[in-house]
**Q** 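My structure is below; once you've seen it, I'll send some questions.
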Amino acid sequence: MTQTGQNIDLATPVQYLKGVGPGRAAAFNDLGVQTVADLLGYFPRDWSFVPEPVLIGDLKPGKLICAVGMVEQTDWQPYRRKPFFEAILADKTGLCRIIWFNGKYLINQLEPGKILLVYGKVDFYRRQLQFSNPKFHILHPDQPRDSDAFSGPIYPASANLPSWQIKRVVKANLDSISPLMPELFKKAFLKKNDLISRPKAYEWIHNPADEKQLAKAKRRLKYDELFLMQLGLALKRHHLRHTAPSTPLACNENIDHRIRRRFPFLLTADQDKAIEEIVADLNKSVPMNRLLQGDVGSGKTVVALYAALVAIANKQQVAIMAPTEILARQHFLSIEKYLKNSNVRRGLLIGGMPAVKRGALLHQIASGDMDIIVGTVALVQQDVDFDNLGLVIIDEQHKFGVHQRAMLRKGKSPHCLVMTATPIPRTLTMTAFGDLDVSIIEHCPPGRGEVITRHVHPKDRMAAFEFIRKQIRAGRQAYFVYPRIDSETTVEIPNGDIKAAVDEHRFLSQKVFPEYHIALLHGQMTTEQKKQIMGDFRSGKIQALVSTVVIEVGVDVPNATIMAIENAERFGLAQLHQLRGRIGRGCNRSYCFLFSQSDDPIAQDRLAIMTRSHDGFEIAEQDLRLRGPGELFSTRQHGLGDLKIANIVDDFDLLNLARRDAFEMIGSDPNLNRPENAELRKTLIEKFGTSLGLVDVG
Ligand code: ADP
Ligand code: MG
């Protein structure tokens with residue numbers, strides 16, 4: 001019951017709780033806390049465990065101790081070698097000295113007469129016991145003189161609602177509200193996974209008696225958070241697979257043989273394994289929803305084309321979509337290379353086509369006279385009408401977006417294969433992309449040149465340029481990559497000295513390499529200009545390209561063996577890895593120079609990873625560790641919200657456990673209709689709405 005005699009449940013506004021009036025309720029609302037459930041879910045950001053105060057007469061040296069007393073006198077000693085502020089603290093059993101080095105700011109705070117709680121280490125100084133630099137808290141004369149001021153939860157607070165007030169409200173109500181949190185799991189399940197009960201977890205997260213209780217509470221709450229996310233992913237996947245069936249696409253030895261004959265090489269073991277997984281998926285009436293991961297040049301396109309040809313052998317159409325028109329064209333060209341003289345009907349659908357040609361193509365697509373259509377996402381956006389779409393292949397390169405996938409799902413259910421060159425760490429394929437199956441091509445086809453990567457400090461710049469000159473003289477080509485286009489048009493970047501491509505192009509072509517053709521390429525050029533320059537680079541007319549990251553996508557010039565990246569610390573590691581994938585494509589040894597003058601230790605560590613490793617997955621995983629998941633990918637990408645207490649890197653084991661349990665549960669009770677899962681069902685609907693396909697019956 002509340003103070004007004006009303007029954008409290010989880011949906012009750014906080015205003016009806018003990019110690020909360022309208023004013024404080026408004027302050028809670030500003031922090032996003034409206035209801036009792038919100039308050040229980042408003043976790044402390046930290047916890048401290050301060051022991052009960054001891055009497056000054058009982059102080060012992062060496063340990064972390066808490067004491068309470070009255071300030072007897074104070075002194076500021078500015079002329080010492082290390083200036084300090086001194087206070088004498090007294091209780092009825094004795095006196096002790098406290099000093100704070102450089103504590104001038106304390107002069108106006110710690111006047112004699114104040115009641116002070118201090119917490120810190122006590123040591124002897126000239127045979128007297130003394131606190132040095134303790135934490136302290138000034139107590140109100142009426143405030144209980146216990147450790148509570150320091151101990152316990154520390155909440156994310158606002159100016160209107162400090163942590164200690166939140167703490168007081170939570171504490172006053174915790175016993176009556178934490179039992180309201182419903183349990184989600186059966187006792188046996190909790191026992192098996194070594195989890196405490198849910199109400200207990202909410203109680204202990206807000207008011208743990210010790211570190212042990214806190215650890216148990218955290219484990220349970222993290223598990224719940226990860227489990228609910230995984231349950232959402234499992235449901236999403238289940239629904240994708242069961243809303244509309246797809247046409248099973250069969251493969252046999254004959255088809256396999258005919259397809260392989262198209263490739264002028266043997267497929268690698270990794271390619272074969274991915275194909276095997278894809279063929280198994282295609283053979284089902286449940287639509288495939290698979291992610292094909294592999295570095296640039298690892299041979300994904302070949303695998304995707306294999307899948308496409310299986311679909312075509314089954315009289316189905318295939319759509320291949322790329323993020324940009326340049327890439328769509330490239331895909332089309334490489335497909336042409338493999339499909340020369342075949343009777344597979346293929347078309348390229350992009351913007352700016354003459355209307356008549358476009359109309360004819362659309363007609364062919366709609367009437368089933370076209371087998372493979374390559375295009376950009378416009379393929380789905382513009383409501384292109386397919387006669388018999390059996391497979392969609394999406395090349396996401398490094399910009400991995402979920403929205404395209406969703407759009408394809410309207411109406412029919414084609415099989416879906418998403419290719420990405422972004423090495424996505426396992427932690428993320430289990431979360432952000434957790435509704436997809438994953439195939440990985442780890443090793444590139446044989447015969448690639450080695451890439452040597454070096455971190456170049458400013459003093460060695462000229463030496464690096466000389467080295468590059470020798471390589472160009474020997475017939476190789478080079479890329480110079482910059483974070484920006486030019487130094488004027490871009491927004492000011494605080495630490496200055498960001499090399500801009502336009503300026504550097506001038507510098508490199510006029511001062512450093514006047515004897516060679518060096519061209520500028522950047523994203524603001526027209527498609528025509530870019531095509532011209534790329535053509536000249538490919539044919540060797542141009543020896544070096546100065547560019548922004550536009551070359552990241554779709555450039556394949558095996559003779560280019562040098563890449564120099566300026567301000568390398570400003571790029572993400574995954575991005576550097578992508579860039580580096582542009583060299584080492586021929587049989588010559590390649591060199592990647594990472595220019596950086598940053599002395600930030602994290603920047604140094606990150607570049608060191610690049611010089612050490614060529615494994616995209618390792619690089620991504622390390623980057624994730626150094627920078628946290630936020631910068632690489634948002635866990636929000638799956639639409640199931642951010643994690644509040646769990647962390648996919650630190651809590652990887654728990655994530656694994658929760659994922660296994662969640663997928664198992666959906667496997668056996670796909671709509672969560674069993675009575676024992678009723679509470680879970682309700683919680684999921686509250687958390688994610690009906691977007692997961694769960695119907696709210698209650
Ligand atoms: P991705 O799409 O992953 O960037 P591609 O499929 O375009 O990779 O392959 C990159 C290059 O490697 C292409 O020139 C392709 O012809 C070649 N290639 C692909 N698979 C093999 C293989 N098994 N053996 C030799 N070369 C291959
Ligand atoms: Mg490719």
Side-chain angles (χ1 to χ4, degrees), residues 256-257 259-279 290-310 318 320-324 326-340 342 346 348 372 374 376 391-400 417-424 438-451 479 534 538 551-561 563 574-588 590 614-617 619-620:
D256 175 71
H257 189 68
I259 297 175
R260 283 176 196 266
R261 261 200 335 232
R262 295 252 145 232
F263 303 128
F265 37 70
L266 287 175
L267 298 190
T268 63
D270 283 359
Q271 284 172 320
D272 275 335
K273 180 153 173 286
I275 286 173
E276 197 181 303
E277 289 163 349
I278 290 168
V279 165
R290 185 170 285 277
L291 178 65
L292 177 61
Q293 275 188 274
D295 271 356
V296 173
S298 61
K300 295 182 298 295
T301 306
V302 168
V303 171
L305 186 58
Y306 185 106
L309 293 173
V310 171
V318 179
I320 301 181
M321 302 194 308
T324 65
I326 297 188
L327 271 173
R329 263 180 231 276
Q330 273 216 343
H331 275 301
F332 188 72
L333 287 180
S334 62
I335 287 170
E336 282 299 291
K337 196 172 69 187
Y338 296 116
L339 296 184
K340 220 179 269 167
S342 85
R346 56 238 184 227
L348 176 66
I372 299 187
V374 183
T376 63
L391 171 66
V392 172
I393 295 167
I394 306 173
D395 181 3
E396 301 254 357
Q397 280 286 342
H398 53 283
K399 264 175 52 201
F400 200 96
L417 180 67
V418 184
M419 295 191 276
T420 177
T422 306
I424 305 172
V438 181
S439 293
I440 297 176
I441 304 184
E442 230 172 317
H443 306 284
C444 286
R448 296 291 158 82
E450 189 189 354
V451 179
Y479 300 105
M534 283 315 303
R538 208 167 286 133
I551 57 150
E552 237 184 309
V553 279
V555 178
D556 189 358
V557 179
N559 190 49
T561 59
M563 175 163 293
Q575 204 178 12
L576 287 175
H577 184 68
Q578 298 269 352
L579 284 166
R580 186 170 59 179
R582 295 290 142 204
I583 55 173
R585 313 199 107 203
C587 48
N588 290 302
S590 294
H614 284 87
D615 176 346
F617 290 94
I619 290 170

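Atoms within a ligand are numbered from 1 in the order they appear, just like the ligands themselves. Worth saying up front: this structure is predicted, and the values here are computed from it rather than measured.
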**Q** Under 3.5 Å, N or O to N or O, is K337 touching ligand 1 that way?
**A** no

**Q** Applying a heavy-atom cut-off of 4.0 Å, say which part of M419 lies close to ligand 1: side chain, backbone, both or neither.
**A**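 Within the 4.0 Å criterion, M419 makes no contact with ligand 1.
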
**Q** Roughly how far, to the nearest 0.5 Å, is the CZ atom of R260 from the CG atom of L309?
**A** 12.0 Å

**Q** So is G299 polar-close to ligand 1, meaning N/O to N/O under 3.5 Å?
**A** yes

**Q** Enumerate the atoms of ligand 1 whose separation from the nearest heavy atom of L267 is less than 4.0 angstrom.
**A**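 By the 4.0 Å cutoff, the relevant atoms are 23 (N).
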
**Q** Backbone or side chain, does any N or O of Y338 fall under 3.5 Å from an N or O of ligand 1?
**A**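 Between Y338 and ligand 1 (N or O atoms, distance only) the closest approach is under 3.5 Å.
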
**Q** My understanding is that only residues two or more places apart in sequence, or in another chain, count here; which of them pass salt bridge (charged side-chain N to carboxylate O under 4.0 Å, His left out) with R262?
**A** none

**Q** Please state which part of V303 comes within less than 4.0 Å of ligand 1, counting heavy atoms only: side chain, backbone, both or neither.
**A**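 For V303, no heavy atom sits under 4.0 Å from ligand 1.
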
**Q** State the atoms of ligand 1, each with its element, that fall below the 4.0 Å cut-off from a heavy-atom position in T268.
**A** 23 (N)

**Q** Could you see which bit of P445 sits under 4.0 Å from ligand 1, with heavy atoms only: side chain, backbone, both or neither?
**A**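 Near ligand 1, P445 shows its side chain, while the N, CA, C and O stay back.
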
**Q** How about D395 and Q330: do any of their side-chain heavy atoms sit closer than 4.5 Å?
**A** no

**Q** With rounding to the nearest 0.5 angstrom, report the CG to CG distance, L339 to L305.
**A**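 Here the interatomic distance stands at 5.0 Å.
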
**Q** Could you establish whether L266 and ligand 1 come within less than 4.0 Å of each other, counting only heavy atoms on the residue side?
**A**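 L266: in contact with ligand 1 (<4.0 Å).
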
**Q** Which residues pass the side chain to side chain contact (heavy atoms under 4.5 Å, CB included) test with T561, sequence neighbours left out?
**A**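 Side chain to side chain contact (heavy atoms under 4.5 Å, CB included) list for T561, sorted by chain: Q471, R476, N588, S590.
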
**Q** What do the steps show when you test F265 against V302 for side-chain contact (heavy atoms from CB on, under 4.5 Å), and what is the final call?
**A** CA-CA 11 Å; F265 37 70; V302 168; 3.9 Å; yes

**Q** Any donor-acceptor pair under 3.5 Å linking the side chain of H331 with the backbone of I320?
**A**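 It does not hold such a pair.
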
**Q** Quick one: does G294 get within less than 4.0 Å of ligand 1, heavy atoms only?
**A**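 Distance cut 4.0 Å: G294 fails for ligand 1.
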
